[in-house]
There are 2 protein chains.
Amino acid sequence: MKSETRQEEIIRVAAKLFKKKGYSAVTMRDLAKEMGMKAASLYNHINSKQELLNSIILSIAEQFTEEMSNIKNSNSPTAQKLTDIVELHIKLASENTYGMASLNNDWMHLGDQLQHYLTLRNGYEDDFRDIIKKGIENKEIVNENPEIILFSMLTTLRSLYLWIPKKENLDINSLSKSLSQILIQGIDA
Amino acid sequence: MKSETRQEEIIRVAAKLFKKKGYSAVTMRDLAKEMGMKAASLYNHINSKQELLNSIILSIAEQFTEEMSNIKNSNSPTAQKLTDIVELHIKLASENTYGMASLNNDWMHLGDQLQHYLTLRNGYEDDFRDIIKKGIENKEIVNENPEIILFSMLTTLRSLYLWIPKKENLDINSLSKSLSQILIQGIDA
DNA sequence: TTGCTAGACTAACAAGTGTTAGTTAAAGAT
DNA sequence: ATCTTTAACTAACACTTGTTAGTCTAGCAA
């Protein structure tokens with residue numbers, strides 16, 4: 001595996017700080033200190049603070065969009081599609097807990113990429129909603145308000161980045177199984 | 001009903017801006033502009049930006065703590081306690097969608113009140129966890145990992161502030177019923 | 001009328017902001 | 001050995017930050 005470039009390292013450390021304090025509260029001097037250099041030196045590797053946020057958020061958003069399209073176009077039953085979505089969120093959240101924080105909390109500070117991000121996010125939510133609606137039509141899932149189902153699942157999945165790092169020796173497969181179970185079957189005995 | 005003081009108005013408007021951009025990205029000049037005055041004039045009514053955040057977050061946190069204690073000490077069955085918690089979140093989130101955003105996203109910028117806030121939050125989560133665990137012991141709810149159940153419910157409830165304002169003519173009772181239903185019974189047909 | 005108060009204002013400060021320019025030292029290429 | 005590139009540095013910039021000090025004016029109490 002190709003080792004991390006200095007630029008990639010800066011992006012990774014930036015995402016870590018953004019998770020802790022939020023984009024606006026992190027200064028380039030904070031970031032430089034964490035990197036063991038002076039703020040001005042960062043600019044040998046990156047172009048701006050703004051660009052750091054852009055690349056952190058959009059690289060993840062694009063992964064979500066691409067994988068969601070695969071799930072949507074498969075011909076699995078609805079419950080399987082929902083389980084796949086759970087697995088997708090767990091995978092991306094555990095690969096990049098820092099970046100997920102920016103995606104969730106600092107997207108409004110995207111500059112020229114804000115519209116692009118919103119387009120991706122809306123597309124993702126539309127696909128998710130369609131899967132739920134089709135599942136209701138086919139009587140594969142219960143006939144509750146699809147907006148509430150979407151909201152409930154999506155917010156749980158979006159918060160995984162907060163929860164995953166607290167669990168040491170996380171088994172992705174078993175978490176994925178348990179969480180799908182709870183989200184789909186409920187918790188009633 | 002007693003009409004809003006100027007100080008209360010500033011706190012309310014501040015919370016609105018904090019929701020939109022986050023605490024750190026909102027300047028006192030932004031807040032002043034929204035209030036139709038100059039930044040310095042704000043200080044005739046408030047002591048500091050920090051104190052705005054403190055009072056926004058802690059007033060809500062204290063309400064949660066108090067109401068959770070009532071629910072915990074009632075002798076309702078587990079499913080009813082969980083429904084009560086859902087209702088509590090819906091009530092507080094719809095009364096104060098702005099403040100809930102700060103509570104969720106900007107608590108780390110609390111100054112001298114940070115420890116107090118964390119104590120309240122941990123107490124709240126402990127109570128919630130206890131209710132779930134007792135429900136599992138009494139076989140009132142399914143025997144899944146209580147941490148995952150807690151996480152799943154709590155993150156959904158914590159995100160209500162994002163979702164509630166999007167629904168015009170919101171009926172709190174019917175939302176409360178639907179959401180409890182989905183969280184407890186699941187969505188399987 | 002006179003005096004007091006509430007609540008706005010202007011001006012300013014010291015500290016911190018992202019970023020640029022120019023310099024320097026070490027490592028790699030010729 | 002000389003040249004070039006990389007990646008650090010110092011110094012500085014123009015601007016923004018939260019906040020304070022001091023002033024002014026309209027409304028009310030005496």
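Below, chain A is the first sequence line, B the second, and so on; all start at residue 1. Values below: all heavy atoms of this structure, side chains included; hydrogens, waters and symmetry mates excluded. Keep in mind the model is a prediction, meaning the values are calculated, not measured.
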Can you give me the closest heavy-atom contact between Val86(A) and Ser176(A), atom names plus distance? CG1-O, 4.1 Å
Which is true for Arg6(A) with a 4.0 Å heavy-atom rule: it touches a base, it touches only sugar-phosphate, or it touches nothing? sugar-phosphate
Between the base of dG16(C) and the side chain of Arg29(A), is there a donor-acceptor distance below 3.5 Å? no
According to a strict under-4.0 Å criterion, is Lys38(A) in side-chain N/O contact with OP1 or OP2 of dT10(D)? yes
Just how far, in rounded Å, is C1' of dT6(D) from CG of Leu42(A)? 15 Å
Looking at OG of Ser94(A) and CD1 of Ile172(A), how far apart are the two atoms once the value is rounded to the nearest 0.5 Å? 3.5 Å
Could you tell me whether Thr27(B) contacts a base, only the sugar-phosphate backbone, or nothing, with contacts defined as non-hydrogen atoms closer than 4.0 Å? sugar-phosphate
From CD1 of Ile46(B) over to P of dG7(C), roughly how many Å is that when rounded to an integer? 14 Å
Between atom NE2 in His45(A) and atom C1' in dT19(C), what is the gap in whole Å? 16 Å
For Tyr98(A), I'd like to know if atom OH has over 12 heavy atoms of other residues, nucleotides or ligands within 6.0 Å. no
Quick one: does Asn44(B) reach the base of dA6(C) with a side-chain donor-acceptor pair under 3.5 Å? no
Check the pair Glu137(A) / Lys134(A) against salt bridge (charged side-chain N to carboxylate O under 4.0 Å, His left out), numbers first and verdict last. CA-CA 5 Å; Glu137(A) 283 168 27; Lys134(A) 285 219 179 75; over 6 Å; no
